[in-house]
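Comments concern the structure below.
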Amino acid sequence: MPTESFAIIDFETSGLSPDRGDRVTEVAAVKVVDGVVVDRYQSLMNSGERISSRITEITGITNEMLEDAPDSDEVMEELVDFLDSDYLVAHNATFDKKFLQSELSIAGIRRRFDFTCSMNIARRVFPAAPNHKLETLIAYRKLTNGERFHRALADANATWDLWVDMSRVAGKKKGLVRLTFHQMKSLYC
DNA sequence: TGCCAGGCCCTCTTTAGGGCCTT
């Protein structure tokens, strides 16, 4: 049976648009092999971009915290080394995809990834949820683990918890314990 | 003070528009 590998990824950033100069401030990834978490990666990132008080209010990440953080080239090299698989999952994947592509381009790294959006899948698996924000879905499904939201590793862990829950709910409809990554992808993407 | 961008999804659609979600 072939090994199935992918990673959950989450970025904290200085804003909403890399096209407007916004940069990554923190990245985290959770590596999954055959349905089991095998490794985690997390790093703050100092791009040289100052972050606003509004962003600090949302994420808790301050300019002081970033002063001693590694630069973007170093973080992107570490991240790409960490990510064995080309398959990535993110909540609202278009956001994380555009920031990853932007940072890889700045770092001069030519690498493309295949993104799957947990939010789009959640809309189909849990159509009755109040909304499909990550924080809401975690509470809706009673998956809370006490971690704060809007930090990269906490959100990546929460997205993994949500993914496991969705794969079980979707699997149950098919008479299975849970669906694999590729089964989820083919069914909902 | 409040909004900023943009891609996906849904529908009162497809020659479009608006809401959602990410920081």
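These numbers come from a predicted model, not from an experiment. Numbers restart at 1 for each chain; the letters A, B, ... are given by sequence-line order, proteins then strands.
Atom P of nucleotide B:dG7 and atom CG of A:Leu100 are separated by 16 Å, given to the nearest angstrom. Rounded to an integer number of Å, the gap from CD1 of A:Ile61 to P of B:dT23 is 10 Å. If you take CE of A:Met45 and P of B:dT23, they are 15 Å apart, rounded to a whole angstrom. Note: CE (A:Met119) to P (B:dT23) measures 11 Å, nearest angstrom. The distance between atom CZ of A:Phe115 and atom P of B:dG7, rounded to the nearest whole Å, is 14 Å. As rounded to whole Å, 13 Å separates atom P of B:dG6 from atom CZ of A:Phe95. The distance from atom CZ of A:Arg23 to atom C1' of B:dA5 is 17 Å, rounded to the nearest whole Å. Straight-line distance from the CZ atom of A:Phe99 to the P atom of B:dC21: 19 Å, rounded to whole Å.
Straight-line distance between the P atoms of B:dC12 and B:dC20: roughly 15 Å, to the nearest whole Å. When the C1' atom is used for both B:dT13 and B:dC8, the distance is 15 Å, rounded to whole Å. Across the P atoms, B:dG6 and B:dG2 are found 24 Å apart, a figure rounded to whole Å. Taking atom C1' on both nucleotides, B:dG19 is separated from B:dT1 by 23 Å, rounded to a whole Å. Going from the P atom of B:dT15 to that of B:dT23 covers 34 Å, rounded to whole Å.
Closest-nucleotide positions on DNA chain B for A:Arg54 and A:Arg20 were compared, and the one nearer the 5' end corresponds to A:Arg20. Both A:Phe11 and A:Thr94 lie close to DNA chain B; mapped to their nearest nucleotides by heavy-atom distance, the more 5′-ward contact belongs to A:Thr94.
Here the shortest heavy-atom pairing between A:Val27 and A:Ala152 reads C-CB, 3.7 Å.
Within the 4.0 Å cut-off from OP1 or OP2 of B:dT23, at least one side-chain nitrogen or oxygen of A:His150 is found. Look at A:Asn120 and you won't find any side-chain N or O under 4.0 angstrom from OP1 or OP2 of B:dC8. Using a 4.0 Å cut-off, some side-chain N or O of A:His132 falls inside it from OP1 or OP2 of B:dC21.
Across B:dC10, B:dT22, B:dT23, the shortest atom-to-atom separation from the side chain of A:Arg124 is found for B:dC10.
Residue pairs meeting the side chain to side chain donor-acceptor pair (under 3.5 Å) criterion with at least one partner in residues 76-85 of chain A, sequence neighbours excluded, are A:Lys31-A:Asp84, A:Tyr41-A:Glu78.
Of the N and O atoms on the side chains of A:Thr136 and A:Asn131, at least one donor lies less than 3.5 Å from an acceptor on the other residue. A:Thr59 and A:His150 share no donor-acceptor pair across their side chains, judged by distance under 3.5 Å alone.
By the 30° and 60° cut-offs, the orientation of the rings of A:Trp163 relative to A:Phe6 is tilted.
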